[in-house]
Protein chains: 4
Amino acid sequence: SENLEIVVKAFSSSFVIPDFRNFCQLIDEIYTECKANTEGSVAHYIPQLARSNPEHWGVSLCTVDGQRHSLGDVNVPFTLQSCSKPLNYALALGMTGTDRIHKFVGMEPSGRYFNELVLDYNNKPHNPMINAGAIMTAALIKPTLSAADRFDYVFSLYKRLVAGEYLGFNNAVFLSERECADRNFALAYFMRENKCFPEGTRLHETLDFYFQLCSLEITAESGALIAATLANGGINPLTGDPVLTVEAVRNTLTLMHSCGMYNYSGQFAFKVGLPSKSGVSGCVLVVVPNTMGICLWSPPLDSNGNSCRSVQFCMELVSRFKFHNFDNLRGYISTKTDP
Amino acid sequence: SENLEIVVKAFSSSFVIPDFRNFCQLIDEIYTECKANTEGSVAHYIPQLARSNPEHWGVSLCTVDGQRHSLGDVNVPFTLQSCSKPLNYALALGMTGTDRIHKFVGMEPSGRYFNELVLDYNNKPHNPMINAGAIMTAALIKPTLSAADRFDYVFSLYKRLVAGEYLGFNNAVFLSERECADRNFALAYFMRENKCFPEGTRLHETLDFYFQLCSLEITAESGALIAATLANGGINPLTGDPVLTVEAVRNTLTLMHSCGMYNYSGQFAFKVGLPSKSGVSGCVLVVVPNTMGICLWSPPLDSNGNSCRSVQFCMELVSRFKFHNFDNLRGYISTKTDP
Amino acid sequence: SENLEIVVKAFSSSFVIPDFRNFCQLIDEIYTECKANTEGSVAHYIPQLARSNPEHWGVSLCTVDGQRHSLGDVNVPFTLQSCSKPLNYALALGMTGTDRIHKFVGMEPSGRYFNELVLDYNNKPHNPMINAGAIMTAALIKPTLSAADRFDYVFSLYKRLVAGEYLGFNNAVFLSERECADRNFALAYFMRENKCFPEGTRLHETLDFYFQLCSLEITAESGALIAATLANGGINPLTGDPVLTVEAVRNTLTLMHSCGMYNYSGQFAFKVGLPSKSGVSGCVLVVVPNTMGICLWSPPLDSNGNSCRSVQFCMELVSRFKFHNFDNLRGYISTKTDP
Amino acid sequence: SENLEIVVKAFSSSFVIPDFRNFCQLIDEIYTECKANTEGSVAHYIPQLARSNPEHWGVSLCTVDGQRHSLGDVNVPFTLQSCSKPLNYALALGMTGTDRIHKFVGMEPSGRYFNELVLDYNNKPHNPMINAGAIMTAALIKPTLSAADRFDYVFSLYKRLVAGEYLGFNNAVFLSERECADRNFALAYFMRENKCFPEGTRLHETLDFYFQLCSLEITAESGALIAATLANGGINPLTGDPVLTVEAVRNTLTLMHSCGMYNYSGQFAFKVGLPSKSGVSGCVLVVVPNTMGICLWSPPLDSNGNSCRSVQFCMELVSRFKFHNFDNLRGYISTKTDP
């Protein structure tokens with residue numbers, strides 16, 4: 001029944017990307033081009049990531065009207081890592097509202113490294129996309145529930161984001177993350193010292209929760225559904241399920257746009273101009289608002305911590321299609337396609 | 001003849017804001033609401049600004065198809081100050097290209113104060129919207145011309161941005177700026193020490209040029225034409241003159257979006273989501289891409305250096321109209337109007 | 001038998017301060033002067049310190065040949081707090097040698113707050129007098145012993161420093177310190193992340209040990225013996241017991257001289273010029289090399305965290321006696337006494 | 001007649017170093033040892049210094065009772081550079097008093113690089129030994145005199161420090177210094193912006209004056225007389241001329257002790273423990289209070305900017321003689337000589 005809407009649209013030729021077949025051919029070309037890129041090296045701060053296969057390269061996309069296309073290693077599970085940050089933020093916004101969340105975390109790019117030991121001018125973490133802000137976001141999600149219920153609750157929301165498709169939990173990664181998390185412990189203690197947390201926050205439990213959220217597993221294919229849900233204003237395009245509020249999505253896209261690609265965020269906003277979030281597992285969630293969500297995955301990272309092939313893919317994408325935030329400017333007579 | 005296009009459109013009912021009369025009534029309401037706001041105080045670092053009249057409040061807008069609406073003190077000249085930064089950047093891009101400009105200045109929000117003595121990880125000023133980056137941008141504009149020719153050249157480009165309407169030069173402000181510019185001198189020497197400038201840059205002449213560009217005068221009415229030219233992809237909507245390249249406009253809007261409102265930029269992107277730039281004279285240039293340019297002017301500033309009435313105006317604007325960058329998300333069933 | 005040396009010296013008139021009676025009268029005058037000082041407020045970051053009596057004011061001194069003089073509240077126990085830092089450093093030097101210790105901790109004044117989250121240019125804590133360096137020093141003391149044996153071992157060394165006089169342990173303070181130690185936990189995790197610690201360091205155990213050393217109790221009277229042992233090159237002047245090596249003392253005095261009084265260290269070295277160390281309990285250990293040790297104690301602290309009465313006492317002391325490091329300059333024709 | 005005092009002392013065997021001949025033999029040994037050291041490279045930021053001969057190595061000393069000993073290139077002129085900082089500070093103290101000077105400059109080690117763009121917690125330059133503080137000190141010397149009279153005045157004071165022996169001015173170095181002084185201009189403008197300077201300070205004239213003082217020339221032999229004057233409490237040991245007040249000397253030695261050797265100052269205080277000041281010309285002035293002054297000169301510098309041979313010389317010196325600030329501790333049974 002969830003496919004009914006698609007069928008109807010197909011017949012009425014009203015798909016957001018009318019010539020989907022041709023569009024996919026161009027995507028395939030970009031995929032192949034990027035496959036040749038052997039730059040970067042896999043994250044090595046925990047053994048589980050260090051063992052990643054640098055050959056892996058998967059691309060999956062899903063339009064807001066549910067058309068899908070996948071290439072390469074799109075069914076291999078990997079952990080979300082920092083890609084969970086915008087999602088937790090969006091979920092937290094839905095639970096407690098923008099004002100409450102931003103009483104505890106800012107909305108400014110930090111201009112610093114993602115894990116810097118620094119707070120903003122109001123003594124808050126700069127934004128939910130850096131570690132300090134993401135730990136804070138985790139602290140704000142159902143803090144009164146037991147650890148188990150808390151995890152269950154968020155897992156079920158993520159499950160709706162992926163439309164019931166693949167979602168896992170990698171316990172070995174979780175244990176490793178916790179073991180190697182000196183900086184995150186330092187950040188958490190630093191924030192507690194500065195009275196950043198809401199009263200009653202249990203520090204170690206919050207950090208555990210945060211590491212668990214980083215250790216959730218998706219595939220490129222299920223990840224594309226997450227990105228597509230964001231592109232579609234919070235409504236899962238396959239199920240029609242309104243998982244996220246539209247206000248939560250608006251806020252999340254704004255911050256992904258300005259802070260989603262670590263220290264490369266400014267340049268990425270400039271050159272690509274699409275709300276995106278990358279993680280050290282080599283994943284990048286890319287949102288083309290009102291059009292489609294894309295999940296890119298390839299473990300080798302550049303010096304900023306972004307997947308090399310994925311960044312290249314995004315560059316190629318906006319060089320061919322009018323996807324950049326300010327690409328549809330009047331008078332933009334270009335060779336770019338509007339798919 | 002420049003109005004011919006408008007007439008034609010009017011007849012064909014194809015204006016970007018079809019019911020312009022009704023739209024203007026709502027703008028008038030917001031104007032009146034903000035007029036009551038008596039917060040903030042005028043800039044006082046130079047006597048010429050300290051003497052500004054805090055009562056002044058002007059709003060002027062121009063759509064990409066040339067419809068105009070103005071309220072209040074829209075014919076009083078004021079200096080551009082930091083509002084000249086995105087314009088100089090856009091002009092420089094047109095002259096020498098994105099790559100050359102960004103060899104010397106970055107594209108990342110700095111996370112610091114606009115005049116901080118700091119360079120980015122590549123030893124460049126963070127972006128063209130902070131003082132260091134704006135001085136650098138000035139250095140890149142026609143560096144081989146004589147001081148007089150250089151000024152003339154840029155003045156003539158600005159004149160095209162305002163479609164021949166009001167553009168002046170306030171020499172008293174220029175002299176005061178130069179007198180009180182210890183931080184800018186410190187920035188310039190700091191950059192020269194770090195070999196940031198292109199070879200052959202004359203430091204004091206560059207600073208003079210920079211102060212002169214800050215001392216250019218517009219009115220709210222002529223300023224709206226500048227903003228409208230940006231909204232229209234670089235083509236002046238009154239004259240059809242392609243003053244800026246569309247690539248220059250895209251880059252400029254991206255940076256105005258992320259870095260245009262001093263330390264409030266992140267919050268402004270989040271809450272308003274429109275590319276804007278403010279200056280200490282109390283001016284804010286606001287761009288609604290493909291729709292209209294707005295020039296707001298009111299001297300009293302908040303602690304971030306942004307005009308109090310103007311920021312309030314922007315907030316009200318996006319609360320009534322679908323102008324936020326991510327406002328047109330599918331599923332966004334709101335009470336907001338799409339004018 | 002430990003007093004035999006004193007008797008002998010007394011008969012031979014060779015005491016380091018020949019006219020001790022007169023000297024003590026001048027000390028009494030300074031004591032009374034400072035008693036009137038009611039500036040400052042007691043430390044309040046843990047309840048146990050916040051309950052300190054601001055009236056308490058004790059001064060005790062002991063010369064290198066064992067003459068003693070005490071005034072005021074010299075038998076009230078208080079915790080050592082940061083005054084334990086130079087002692088642990090001196091003990092650690094004796095156990096493992098200068099080179100080994102300084103492989104892990106620097107010897108530079110930091111120019112920052114005592115608890116700043118920052119490492120020096122070699123990725124080491126700046127020096128053993130700031131928190132990061134003191135935690136590191138604790139980590140280097142008998143790391144292979146059990147927690148109990150480790151504490152016992154250091155306690156017995158401290159007991160020799162006080163010549164068997166009062167030394168206690170305040171368990172309530174220890175528990176409070178640990179409870180309120182967010183910054184110290186942040187520092188420790190930050191250092192572990194930077195691989196500052198020797199391999200095998202157990203973080204929480206090290207912090208516990210550090211808090212325990214801060215929670216050792218002395219009285220002004222027993223504290224004077226510690227300072228006197230430093231003044232006497234490491235040999236306890238009452239017992240003749242060589243508790244510290246002379247090299248350890250030399251190093252310790254050098255760092256107390258440059259880094260002992262928190263952010264006031266430079267000014268203190270300039271104005272007082274005596275190796276000293278203060279703690280938030282209101283204690284200051286002052287060393288007049290080759291002459292005497294002084295323990296000052298008064299809980300109210302100034303904005304730098306130094307006991308107000310104690311700093312005043314030191315100022316008065318060097319204004320009357322030739323005790324400043326560079327006071328004995330040739331040609332120094334002054335009204336100052338050489339006791 | 002200035003030698004009369006020496007003759008008298010010689011006959012009375014009361015020289016501060018009784019067996020001067022033997023002492024000099026040991027000095028010669030150290031000199032020869034250090035001559036073999038070919039580490040480091042000459043300063044290259046201005047051509048005049050870059051052309052220095054790395055072979056040059058001169059040592060000259062003068063005791064407080066006027067005994068002298070010189071080895072190597074002791075008659076080759078070189079510029080004082082940063083070695084002028086403590087001297088200008090001492091002279092300024094004599095002219096205007098400690099309180100006035102320290103209203104404008106601090107007395108804390110900065111923990112930063114000598115030319116860092118940073119002020120202390122009171123918005124003053126940290127101390128007179130770093131560039132910002134030295135520029136400030138220059139500003140405080142006879143600010144109402146004409147440029148020529150100001151230079152003349154200080155030149156005549158320096159001339160008394162060298163007992164009429166060699167003192168020159170290297171105009172080529174001055175012009176080069178001024179040419180390459182971007183950081184110093186940045187520092188000066190930054191301080192002026194922060195209203196650090198006394199009212200009426202003329203910025204460019206002050207900088208010129210500062211560069212001129214850096215460009216004064218001495219030889220190792222005349223430099224030894226400067227150091228000896230400091231060792232002797234401000235009285236030139238050859239002429240008996242009280243050039244500096246004893247209070248000025250005390251303050252100067254305190255700051256040379258804590259801040260004289262750039263970023264190596266803390267380690268130098270720890271390992272050598274003698275008030276010293278180095279300059280990029282390869283000069284180090286070393287003061288053994290009440291005993292002697294030493295001038296060391298050898299152009300090759302280590303990464304901290306200190307002359308390699310000179311630092312080695314100091315290390316050797318304190319390993320053989322009881323010259324370290326805390327070397328005369330009771331109980332120090334060592335193999336070290338007390339000359």
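Sequence lines set the chain letters: A, B, ... in the order given, protein chains first and strands last, and positions in each chain run from 1. The analysis underlying the following values was restricted to heavy atoms, covering all of them including side chains, and did not include hydrogens, waters or symmetry mates.
- Distance OG/D:S265 to CE/C:M107: 13.0 Å, rounded to 0.5 Å.
- A pairwise comparison of heavy atoms in C:Y264 and D:E108 identifies C-OE2, 3.5 Å as the closest pair.
- Of all residues spanning residues 266-278 of chain D, those with a heavy atom less than 4.5 Å away from chain C's heavy atoms are D:G266, D:Q267, D:A269, D:F270, D:K271, D:P275, arranged by number.
- In terms of heavy-atom pairs under 4.5 angstrom with chain D, the leader among C:V249, C:L253, C:N127, C:D120 is C:L253.
- Neither the backbone nor the side chain of D:T245 comes within contact range of chain C; no heavy atoms are under 4.5 Å apart.
- Side-chain contact between C:R250 and D:N325: absent, with no pair of heavy atoms (C-beta onward) separated by less than 4.5 Å.
- Ranked by non-hydrogen atom pairs under 4.5 Å with chain C, the options D:T98, D:L255, D:N251 are led by D:N251.
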